[in-house]
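Please read the structure below before turning to the comments.
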Amino acid sequence: PTVPPSPQEHGLDFQRLLDASGYKERFRRDMIRWGEEKRHTDPGFFCRAAVEGVLQPVWVVSDTRRLSDVEWFRNAYGDVVKTVRVVATEETRKKRNWVFVTGVDDAESECGLDQGVAFDWVITNDGDKVALGKQLEMLVQSLHSSL
């Protein structure tokens with residue numbers, strides 16, 4: 001039997017689920033299935049959870065994974081929503097110990113935003129810290145100017 005994936009509901013180590021360890025990989029497929037069940041019942045479930053009680057004028061919502069997530073934020077907050085995609089080559093990802101897993105890495109949770117979103121910014125993170133820093137500085141300057 002598989003272990004249910006919700007950390008709060010099932011006693012998983014939340015911090016270990018955030019890293020790139022084998023711990024997360026043991027539960028990854030189950031976490032995806034649990035998330036899909038929640039989204040099927042309520043597409044805005046995770047989006048509302050991300051903003052609940054937040055009063056800051058600017059926030060960064062990382063790791064949205066589906067077009068429905070982007071659409072939820074755009075519907076809720078309009079034109080102030082800015083989308084940023086971070087990309088790396090497959091070669092770079094493999095150097096970072098990523099290994100493609102069929103049924104996981106080709107699922108909507110991993111590639112649901114590969115099409116259908118016109119990103120405001122695309123940041124390349126292939127290990128060049130100077131290039132990454134320049135891209136992030138331009139992004140931050142743009143965000144500051146829009147405040």
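Fair warning: this is a prediction, and the values are worked out from it, not measured in the lab.
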Report task. Over all heavy atoms of both residues, which pair between G116 and L67 is shortest? Give the atoms and the distance, please. Result -> O-CD1, 3.6 Å
Query raised in the report: Can you tell which of I123, D114, V117, T124 makes a side chain to side chain contact (heavy atoms under 4.5 Å, CB included) with R85?
Result: D114
Requested in this report: Of all the heavy-atom pairs spanning K38 and F46, show the shortest one and how long it is.
Outcome: CB-CE1, 3.8 Å
Query raised in the report: For G103, does its backbone N or O pair with a side-chain atom of D106 as donor and acceptor, under 3.5 Å?
Result: yes
Report task. Any chance you could lay out the side chain to side chain contact (heavy atoms under 4.5 Å, CB included) test for T92 and R96, step after step, and finish with the verdict? Result -> CA-CA 6 Å; T92 297; R96 295 173 179 158; 3.3 Å; yes
**Report entry** W98 vs E90, side chain to side chain contact (heavy atoms under 4.5 Å, CB included): CA-CA, chis, key distance, verdict
**Finding:** CA-CA 9 Å; W98 173 76; E90 191 169 322; 3.7 Å; yes
Query raised in the report: Under the side chain to side chain contact (heavy atoms under 4.5 Å, CB included) criterion, do E137 and Q141 qualify, and how do the steps go?
Result: CA-CA 6 Å; E137 181 60 32; Q141 286 176 7; 3.1 Å; yes
Report task. Following the transitive rule for hydrophobic clusters with a side-chain heavy-atom cut-off under 4.5 Å over Ile, Leu, Val, Met, Phe, Trp and Tyr, establish whether F119 and V87 coincide in one cluster. Result -> yes
Requested in this report: Assess whether side chain to side chain contact (heavy atoms under 4.5 Å, CB included) is satisfied between R65 and E110, documenting all intermediate values.
Outcome: CA-CA 6 Å; R65 295 180 172 241; E110 302 302 314; 2.6 Å; yes
Query raised in the report: Would V54 end up clustered with W72 when hydrophobic side chains under 4.5 Å apart are linked, directly or stepwise?
Result: yes
Requested in this report: For the residue pair F73 and Y77, categorise the inter-ring angle as parallel (less than 30°), tilted (30 to 60°) or perpendicular (more than 60°).
Outcome: parallel
Query raised in the report: Checking salt bridge (charged side-chain N to carboxylate O under 4.0 Å, His left out) for the pair K95/E91: CA distance, chi angles, key distance, verdict?
Result: CA-CA 6 Å; K95 286 179 185 175; E91 178 183 328; 3.4 Å; yes
